[in-house]
Amino acid sequence: MKNFNFHARTEILFGKGQIEALPKALAPYGKKVLLVYGGGSIKRNGVYDSVIKLLGENNFEVTELSGVEPNPRIETVRKGAKLCRDNQIEVVLAVGGGSTIDCSKVIAGACFYDGDAWDIVLDKEKITKVLPIVTVLTLAATGSEMNKNAVISKMDTNDKIGTSSQEFVPMASICDPTYMYTLPAIQTAAGTADIMSHIFENYFKSEEDTYVQDRFAEGILRACIHYCPTAIEKPDDYSARANLMWASTLALNGLTGAGKGQTWSCHPIEHELSAYYDITHGTGLAILTPRWMRYILSDKTVSKFADYGVNVFALNPDEDPYKIANKAIDLTEEFFKKIGIPMHLSELGIGTEKFDEISQKLDRKFDDAYIPMTPQDVKKILEMCL
Ligand code: NZQ
Ligand code: ZN
């Protein structure tokens, strides 16, 4: 296990009705709030009304930024940063999924940066000061509610790039599972695929003595596989939503990746697909993951895949490791199909036309991955996804 720092500064206010704690969560930072949200789901499901009511009753001064796109755009960040400066905003309140939270993080940093906001996406060293961020989560997927990451897109150059800062970590996040009752089934499924991918990216690594992290990881995967079909069948099943919501937070708050090194594999490829085709992040990951797994299965990786098969899918440990590994990969693909994710890029209207460009853009990116990959490898994996 490598050395690591684990710092958990976010206060998680978890459960039904926790929105009542919002005024108290914001209070230490000031009264001038930038309320950031997406395309209107929070207006349709009543979350917006609850937030506005509480902020009004407690004398907060609210400036709004609506319309944050799924795969949030740099143009929206610029707009938000200007609103912060013009209105002397003291705290940013993100109400929504990962896109809204990520956009809010970069707004909170860009408002103190003199140059263009895109600079701090390209170079996290340029993030000097950040407004405090509080979130109200409405979609279990990214873990952005308790982590330091933000991913922003610049579609005119086909770029989707992650940046990060310890100062982006939210001060508090309200995680009310009932807010997810209105999620479209595909967002529940894609969100779950994203949670699982965060686990896979850290689970399939070379360190062999990370027993604690790996058993945690397997538990979270089992929760996703157990509860996602229920949440899709019965959108207002509290237990299913609660378990998925907590899984999303724990999957990417540093817990399962602690003590591990190496670059991630499927995420950088998916970010390129989103940058060119604006697809849903979790859908892209579900398509890529089983193909990547098949591509990297070898004598070097087979025992890890066998662990995955035995500990997550309860496969027979006495079978041949390759048999267990292949079965586990098949079951992974079947699970994504079962929860309704289109499992071929062609179903999203994506052909081979950009594969060379995308693979070349990722040149040397995977030199330090669990299994290093060249642009040729990336292209082959993309072809397997067609
Ligand atoms: O925009 P609105 O109208 O709110 O609708 C959203 C959006 O259309 C809708 N939605 C959210 N909550 C809802 C709801 N609809 C009904 N009821 C609700 N309760 O769902 C759609 C997708 O929302 P979005 O925020 O885009 O989804 P997600 O949370 O999956 O975030 C995806 C973004 O996060 C990035 C992804 O790349 C992508 O840009 N990621 C961020 C990470 C991080 N910060 O650590 C890590 C991830 O790997 C990922 O890259
Ligand atoms: Zn992800």
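Remember, it's a predicted structure, so these values are computed and weren't measured experimentally. Start at 1 and go down the list; that is how both ligands and their atoms are numbered.
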Report the part of Ile101 (side chain from C-beta onward, or backbone N, CA, C, O) that has a heavy atom under 4.0 Å from ligand 1; answer both or neither where that applies. neither

Scan for ring pair (Phe, Tyr, Trp, His ring centres under 6.0 Å) pairs involving residues 158-189, sequence neighbours excluded, and state none if there are none. none

If we set the cut-off at 4.0 Å for heavy atoms, which region of Glu69 has an atom near ligand 1: side chain, backbone, both, or neither? neither

Strictly below 4.0 Å, N to O, side chains only: are Lys148 and Glu167 in salt-bridge contact? no

Does only the side chain of Thr182 get under 4.0 Å from ligand 1, or the backbone, or both, or neither? Count heavy atoms. both

Strictly below 4.0 Å, N to O, side chains only: are Asp214 and Lys260 in salt-bridge contact? yes

If you measure from the Lys or Arg side-chain nitrogens to the Asp or Glu carboxylate oxygens, is any gap between Glu383 and Arg291 under 4.0 Å? no

min-distance protein heavy atom vs atom 8 (O) of ligand 1 -> Pro70 CG, 3.8 Å

At a non-hydrogen distance cut-off of under 4.0 Å, which region of Asp194 contacts ligand 1 (side chain, backbone, both, or neither)? side chain

Tell me, which protein residue and heavy-atom name are nearest atom 12 (N) of ligand 1, and how many Å apart are they? Thr138 OG1, 2.8 Å

Among the N/O/S atoms of Asp194, select the one at the shortest distance from the Zn ion (ligand 2) and name it. OD1

Checking a contact table here: which protein heavy atom is nearest atom 27 (O) of ligand 1, and how many Å away? Leu139 CD1, 3.3 Å

Between CD1 on residue Ile74 and OG1 on residue Thr157, distance to nearest 0.5 Å: 10.0 Å

Salt bridge Lys31-Glu90, side-chain N to carboxylate O under 4.0 Å: no

Which residue from Asp278, Asn253, Val95, Asp102 reaches closest to atom 41 (C) of ligand 1 through any of its heavy atoms? Asp102

of all protein heavy atoms, closest to atom 24 (P) of ligand 1 is Ser99 OG, 3.4 Å

Pick, from Leu183, Ile195, Asn149, the option with the minimum heavy-atom distance to atom 43 (C) of ligand 1. Asn149

Is any side-chain N of the basic residue among Lys160 and Glu272 closer than 4.0 Å to the acidic one's carboxylate O? no

What's the NE2-the Zn ion (ligand 2)-NE2 angle here (His198, His281), rounded to 10 degrees? 170°

Assess whether a salt bridge exists between Asp116 and Arg78, defined as any Lys/Arg side-chain N lying under 4.0 Å from an Asp/Glu carboxylate O. yes

Provide, to 0.1 Å, the distance between atom 22 (C) of ligand 1 and the closest protein heavy atom, together with that atom's residue and name. Gln187 OE1, 3.5 Å

I need the contact type for Tyr179 against ligand 1. Using non-hydrogen atoms and a strict under-4.0 Å cut-off, is it side chain, backbone, both or neither? backbone

Taking heavy atoms and a distance under 4.0 Å, where does Ala141 meet ligand 1: side chain, backbone, both or neither? side chain

What part of Ile42 sits under 4.0 Å from ligand 1 if we count only heavy atoms: the side chain, the backbone, both or neither? neither

Considering only heavy atoms, does Pro184 approach ligand 1 within less than 4.0 Å through its side chain, its backbone, both, or neither? side chain

Aromatic ring proximity, centroids under 6.0 angstrom, Tyr322 and Phe305: no

Between Arg294 and Asp330, does at least one N-O distance fall below 4.0 Å, as a salt bridge requires? yes

Salt-bridge test for Arg73 and Glu69: reply yes if a basic N is under 4.0 Å from a carboxylate O, no otherwise. no

Check all N, O or S atoms of His267 and name the one closest to the Zn ion (ligand 2). NE2

